[in-house]
There are 2 protein chains.
Amino acid sequence: MSVPLYEAKAELFRLLGHPVRIRVLELLQDKPMPVRELLAAIEVEPTGLSQHLAVLRRSGMVSAHRDGSTVVYSLAGGDVAELLKAARTLLTQMLTGQNELLTELLGAERESR
Amino acid sequence: MSVPLYEAKAELFRLLGHPVRIRVLELLQDKPMPVRELLAAIEVEPTGLSQHLAVLRRSGMVSAHRDGSTVVYSLAGGDVAELLKAARTLLTQMLTGQNELLTELLGAERESR
DNA sequence: AGCTCAATTGCGAAACTGCGCAATTCCTGA
DNA sequence: TCAGGAATTGCGCAGTTTCGCAATTGAGCT
């Protein structure tokens, strides 16, 4: 293997590490969408969106094809949904973990007063 | 929610977007480990490892406790394994997708000669 | 107390990322 | 064919990340 797997994973995560790109992937999960529609759904300048789309395209996560004067993007292959779901699960687990710790600490403080 | 979910996801992915941090999480999946052992397993300077561990600690993904003169790190709560597995799956899907496309293109070229 | 090893932190330099503006490409309709 | 909108690209600036060195903290040993 020329590129170790953990490098590839890190690279993948780095690609996903931007709110706009997450939004794009989430939106494309429902159905393919023209840029115009993505633009309407996400708060971002056209040029910024293009750049993020370019990143996703270069990485092979989405593919684009022209339809007349507009460009339509769609997810390319892989199970992105699963990854996003795992992220969501992990986030909620981490947050509840922190909450438990917090309430525990608060309880301890109350008792010590 | 003060922070939109997609922001939190992006943040999470950004945290994971470094090879050393990925390695650390992978190693900690098996069992808690002292820094010394992580250091032996990963190619990185002690100071660099410390910094990456600090990032993971601040984010709440790992926790550390002293044991004598060494510090032992362990995964904190959440199901990191699931996320890493999803990443691995997605990567292989993307790579095979590219391979198929490649062989398709090569086939087409051969035919056109 | 002084020494040493383990781990962390502070800091400055180098590399990278994201953003917006201006310019460009590609298509469509007059 | 040319004016217009859709989308992309090139480019420079500002902000962030990463890295290694030097300095610091904490624990065990004599």
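Each chain gets a letter, A, B and so on, in the order the sequences are listed, and its residues count up from 1. Hydrogens, waters and symmetry mates play no part in the numbers below; they use all other heavy atoms, side chains included.
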Please classify the nucleic acid contact of Thr70(A) as base, sugar-phosphate, or nothing, using heavy-atom distances under 4.0 Å.
sugar-phosphate
If a protein heavy atom is under 4.0 Å from the base, mark B; if only from the sugar-phosphate, S; if neither, -; do that for nucleotides 19-30 of chain C going 5' to 3'.
BBB----SSS--
The test is side-chain contact (heavy atoms from CB on, under 4.5 Å); show your working for Gln29(A) and Leu84(A) and say whether it passes.
CA-CA 10 Å; Gln29(A) 285 199 278; Leu84(A) 293 177; 3.6 Å; yes
Which residue is it: Thr70(B), Val72(B), Val24(B), Leu53(B)? I am looking for the one with a side chain to side chain contact (heavy atoms under 4.5 Å, CB included) to Val35(B).
Leu53(B)
Quick one: is Tyr73(A) getting a side-chain N or O under 4.0 Å of the dT8(D) phosphate, OP1 or OP2?
yes
Between Arg14(B) and dT17(D), is there a contact of a side-chain N or O with OP1 or OP2 at under 4.0 Å?
yes
Decide side-chain contact (heavy atoms from CB on, under 4.5 Å) for Leu12(B) and Leu16(A); before the verdict, give the C-alpha distance in whole Å, the side-chain angles of both, and the deciding distance to 0.1 Å.
CA-CA 9 Å; Leu12(B) 173 62; Leu16(A) 295 173; over 6 Å; no
Rounded interatomic separation in angstrom, taking [atom1] from [X] and [atom2] from [N]:
X	N	atom1	atom2	answer
Leu53(B)	dT17(D)	CG	P	17 Å
Leu56(B)	dA7(C)	CG	P	16 Å
Leu49(A)	dG18(C)	CG	P	14 Å
Glu11(A)	dT18(D)	CD	C1'	15 Å
His65(A)	dA7(D)	NE2	C1'	15 Å

Residue pair [X] / [Y], side-chain heavy-atom distance below 4.5 Å:
X	Y	result
Leu91(B)	Arg88(B)	no
Leu90(B)	Glu82(A)	no
Pro34(A)	Asp67(A)	no

Going through the distances and angles, do Leu27(B) and Met33(B) end up as a side-chain contact (heavy atoms from CB on, under 4.5 Å)?
CA-CA 8 Å; Leu27(B) 288 165; Met33(B) 273 193 189; 4.2 Å; yes
Ion pair Lys31(A)/Glu37(A), N-O distance below 4.0 Å
yes
Take Leu38(B) and Leu49(B) through the test side-chain contact (heavy atoms from CB on, under 4.5 Å) and record every step on the way to the result.
CA-CA 8 Å; Leu38(B) 293 170; Leu49(B) 180 58; 3.9 Å; yes
Which residues in residues 24-40 of chain B have at least one heavy atom lying under 4.0 Å from any atom of DNA chain D?
none
